[in-house]
Undergrad: 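Shown below is the structure under consideration.
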Amino acid sequence: TSKQQKLSSFFSHK
Amino acid sequence: MLELRLVQGSLLKKVLEAIRELVNDANFDCSATGFSLQAMDSSHVALVALLLRSEGFEHYRCDRNLSMGMNLNNMAKMLRCAGNDDIITIKADDGSDTVTFMFESPNQDKIADFEMKLMDIDSEHLGIPDAEYHAIVRMPSAEFARICKDLSSIGDTVVISVTKEGVKFSTAGDIGTANIVCRQNKTVDKPEEATVIEMQEPVSLTFALRYMNSFTKATPLSETVTISLSSELPVVVEYKIADMGYIRFYLAPKIEE
């Protein structure tokens with residue numbers, strides 16, 4: 001199985 | 001006071017149709033730069049970033065930065081009432097809890113205004129760093145839409161692999177597998193029909209087709225789409241909007257557990 005990563009792990013919160 | 005007059009009103013109609021499936025509620029930000037939006041889907045794996053630059057509007061007045069929370073389905077309902085040739089003006093007063101969309105027919109014989117309630121939206125604003133992409137593919141947007149649609153009848157995910165030979169879209173499902181390879185093709189009559197690959201190094205990433213199909217709702221906005229890929233980074237699927245700006249979709253890759 002594979003899971004989708006969350007974008008917050010790539011992009012910082014402003 | 002905010003007043004934005006867009007002669008090519010159909011662009012705004014198309015923008016709404018492109019994003020309303022992915023995002024329910026979003027803040028539209030208005031500043032001297034332009035009319036923009038950044039919003040994530042409810043599962044936080046996809047993000048849409050829209051920019052319509054102020055220079056693209058026939059009249060652009062934005063006295064101070066304003067953020068307007070809108071339900072995109074409701075906004076789309078209102079914009080569907082505008083004719084495709086209509087001029088659309090977006091108006092809002094400072095501190096108002098409504099926004100007005102004014103539709104003018106090209107020969108000015110019909111003028112309509114629709115007032116929509118705004119909403120308070122607590123949105124996360126993500127800082128998107130500039131990234132160096134391993135591979136950038138530019139191809140006809142209709143071709144990309146066709147590939148995503150075709151593959152989603154076979155499987156749930158797409159593996160996008162870029163090599164010197166071309167870009168390969170692959171899927172697998174219960175009934176079998178599918179591979180579609182698009183080779184670089186610069187020798188076409190029209191530049192918008194070309195498939196152009198700029199590759200620093202080969203890259204192969206897996207994405208959910210459901211989201212890719214959702215992004216292709218932006219196809220009417222642009223004849224070409226640009227897909228930027230880097231290992232372990234979200235893919236960027238970009239549709240340019242005439243001379244005005246862009247709509248960019250970011251999607252996090254799938255990882256093996």
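The sequence lines fix the lettering, A, B, ..., with proteins before strands; numbering per chain opens at 1. Since this is a predicted model, take the numbers as computed values, not measurements.
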Undergrad: Quick one, I255(B) and Q4(A) - any side-chain contact, counting heavy atoms below 4.5 Å?
TA: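 Result no, sub-4.5 Å side-chain heavy-atom pair not found.
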Undergrad: Just checking K217(B): does its NZ atom have more than 12 heavy atoms from other residues, nucleotides or ligands closer to it than 6.0 angstrom?
TA: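 No, because the 6.0 Å sphere around NZ of K217(B) holds 12 heavy atoms or fewer from other groups.
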Undergrad: Tell me whether D94(B) at atom CG has more than 12 heavy atoms from other residues, nucleotides or ligands lying less than 6.0 Å away.
TA: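 Atom CG in D94(B) is crowded, with more than 12 foreign heavy atoms closer than 6.0 Å.
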Undergrad: Only heavy atoms, only distances under 4.5 angstrom. Which residues in residues 224-240 of chain B are near chain A?
TA: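 E232(B), L233(B), P234(B) fall under the 4.5 Å cut-off.
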Undergrad: So which part of A46(B) gets closer than 4.5 Å to some heavy atom of chain A, the side chain, the backbone, both or neither?
TA: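 Contact with chain A: backbone only.
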Undergrad: Specify the closest pair of heavy atoms between Q5(A) and V45(B), including all atoms of both residues, with the distance to one decimal.
TA: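 Reported closest heavy-atom pair: O-CG1, 3.2 Å.
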Undergrad: Once you round to the nearest 0.5 Å, how far does NE2 of H44(B) lie from CZ of F11(A)?
TA: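 Separation between the atoms: 13.5 Å.
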Undergrad: How about Y250(B) and F10(A): do any of their side-chain heavy atoms sit closer than 4.5 Å?
TA: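 No, every pair of side-chain atoms sits at 4.5 Å or beyond.
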Undergrad: Using non-hydrogen atoms only, which part of S43(B) is less than 4.5 Å away from chain A: side chain, backbone, both, or neither?
TA: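 Interface part for S43(B): backbone (N, CA, C, O).
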Undergrad: Flag yes if more than 12 heavy atoms outside D63(B) fall under 6.0 Å of its CG atom; otherwise flag no.
TA: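 Counting other residues, nucleotides and ligands, CG of D63(B) exceeds 12 neighbours.
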